[in-house]
Amino acid sequence: MRPVPEDGGAYGGSRPISEVEPSPFAFDGRGIEYAPMETLPGPAPEETRIQEAIAAEAEWIADLLSRLVRADTTLGNEEAGQRVVEAALREIGLDPVDVWMDAETLRAHPLASPFDWDVANKRNIVATWGPGRGNGGRSLILNGHIDVVSPEPLSRWGERSPFSGDREDGWIHGRGAADMKCGLAAILGTVKALHGLGLTPRAPVHIQSVVEEECTGNGTLQTLLAGFTADGAVVAEPFGAAITTAQVGVLWFKVRIEGVSGHAAEGSFTVNAIERSLHVIAALRELEAELNASPPHPFDLFSHPINLNVGAISGGDWASTVPGECITEYRIAMYPGMLLPDLRARIEAVVAAATSDMEGTAQVLYGGFACEGYDIADDAPLVRTLAEAFVRQEGTPPALVATTGTSDAGVFGRMGIPAVCFGPYAEEAHGIGERVYLPSVVQTAQVLGLFIREWCGLAE
Ligand SMILES: [Zn+2]
């Protein structure tokens, strides 16, 4: 059985949705029916061998994860972590290749998110394992992202540095320990153990460490454009004892408000761009409320599935000058089935209406995430096969969950590759004190090992 951390958490099985939201890593307790426990076969001898071989890699996995966390891989700094992944893949005995980010290819692709930063000299890493003897296996992508979000505000981390990688009482701490270097470590641990047993998949398994999951999804897209496709993909995001079958889409946008600047003493002849931006924020909150009014299933299980985030604001430079410009950066979510052009049109209409009575322009600008939502059927072969592997490892079925965050599973889905997220148990992703429960990293690797045996087939 999967141990439960002392403070409870997502491993506790099904929990009422009200206890777990609004974390994007919450699971909603939607379950699927499995054969009663007493009729479930125990692991076959071959499976026990796999489970034990992966358990024997626990120290290797923990050490790798600590080293990954100690590499600061915030946007633009991903290479420090990619070097660690590349070395680990070579240690396993695989031959990783670089898939460089290519701005021109990405900008020409309809599913890429727009970006205004430099992506030159950024690489994704892909190592292909197999195929071995025999045919008939299904190919697979095991995917994790190396990039992490900023640990700001640094002053809140206290004694422990954000990139400590400290190991204490069964937890590994630091930015990225949860989201999602733990998943990368689990994937690499699985492959190391199976490879070490002399097993080879009957169809290719592509192991991917990608950049830019936290801002565009373009890293994973670039690997697919390079030809590394498969019959299914598992993104090892830390959802705990749960498999994601639905996720929202995410759109990033900025609103640039132009005011009429001037001396603060002549306020009646000026237009304050910062104060005008507050009107726009309020109007966008109304749009958010509209989107939350009647969510489609399974998002009706959340009381507030669509979240608008005011992520950054900048305007003005002097207490005695009326600010002439203010730029506010937003993130908003969208349900599967909703189209980006429709959401953009609604946002632009709201901004236009909220600023129609003012002098100066209001512009909506796009950059970063432009990803529609994604879902996969609960009984899709990928979901069933992974859930059954989970049952054989843990003895209980995983929850099938919807998430109010986005992930690279959506990139695969939109490119026609069935995909889910499944990974370790973690806490405070993107927050202060981010950490992952180490035994769950090993257990994730064990579930993945049993899943690969079933999905791909393994040859001696
Ligand atoms: Zn993530």
Side-chain angles (χ1 to χ4, degrees), residues 10 22-27 65 68-69 71-78 81-82 84-85 113 122 124-125 141-151 162-163 165 172-188 207-223 233-250 252 307 309 311 331 333 368-369 371 373-374 401-414 419-437 440-441 444 448:
S23 162
F25 295 126
F27 69 88
L65 177 50
L68 284 171
V69 173
D72 169 354
T73 54
T74 44
L75 185 68
N77 301 313
E78 298 93 334
Q82 293 296 54
V84 177
V85 171
S113 295
K122 266 200 210 194
N124 306 281
I125 293 178
I141 292 166
L142 295 174
N143 172 287
H145 62 85
I146 197 71
D147 56 314
V148 298
V149 298
S150 158
F163 298 105
I172 286 187
H173 296 259
R175 171 62 80 242
D179 190 7
M180 59 162 286
K181 289 169 173 176
C182 61
L184 276 169
I187 288 169
L188 289 161
I207 298 125
Q208 302 183 334
S209 175
V210 302
V211 299
E212 294 209 5
E213 188 273 350
E214 297 286 4
C215 53
T216 60
N218 288 347
T220 285
L221 179 63
Q222 190 83 65
T223 67
V234 177
V235 181
E237 292 276 10
F239 278 90
I243 297 171
T244 63
T245 51
Q247 65 178 44
V248 295
V250 165
W252 280 10
N307 290 288
N309 187 51
R331 168 270 193 204
F369 277 126
C371 298
Y374 168 67
V401 306
T403 169
T404 55
T406 188
S407 79
D408 276 353
V411 178
F412 290 114
R414 288 186 292 279
V420 294
C421 293
F422 168 72
Y425 176 81
E427 294 178 348
E428 302 300 333
H430 294 211
I432 307 296
E434 180 172 342
R435 63 182 190 164
V436 64
Y437 189 55
S440 76
V441 184
T444 295
L448 290 176

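Hydrogens, waters and symmetry mates play no part in the numbers below; they use all other heavy atoms, side chains included. We count ligands from 1, going down the list as the structure has it; atoms in each ligand are counted the same way. Positions are given from 1 along the sequence. Treat the numbers as computed from the prediction; the structure is a model and nothing was measured.
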Checklist line | Pairing residues for Asp147 by the side-chain hydrogen bond (donor to acceptor under 3.5 Å, both in side chains) criterion, not counting sequence neighbours | finding: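 So Asp147 forms a side-chain hydrogen bond (donor to acceptor under 3.5 Å, both in side chains) with His145.
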
Next item on the list: Consider only side-chain N and O atoms of Ser209 and Gln82, and report whether a donor and an acceptor are under 3.5 Å apart.
Entry: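 Yes, side-chain donor-acceptor contact under 3.5 Å.
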
Next item on the list: Kindly write out the residues that satisfy ring-ring contact (aromatic ring centres under 6.0 Å, His included) with Phe369, not counting sequence neighbours, or none if the list is empty.
Entry: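 Partners of Phe369 by the ring-ring contact (aromatic ring centres under 6.0 Å, His included) criterion, ordered by chain and then number, come out as Trp252.
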
Next item on the list: Nearest 10° is fine: what angle sits at the Zn ion (ligand 1) between OE2 from Glu237 and NE2 from His145?
Entry: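 Seen from the Zn ion (ligand 1), OE2 and NE2 are separated by roughly 90°.
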
Checklist line | Metal check, the Zn ion (ligand 1) vs Asp408 N/O/S, cut-off below 2.8 Å | finding: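 No N, O or S atom of Asp408 is closer than 2.8 Å to the Zn ion (ligand 1), so no.
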
Check: Considering only heavy atoms from C-beta outward, does the side chain of Gln222 approach that of Val211 to under 4.5 Å?
Finding: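 A side-chain contact is absent here, since even the closest heavy-atom pair is not under 4.5 Å.
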
Check: For the Zn ion (ligand 1), which N, O or S atom of Asp179 is at the shortest distance?
Finding: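 Nearest to the Zn ion (ligand 1) within Asp179's N, O and S set: OD1.
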
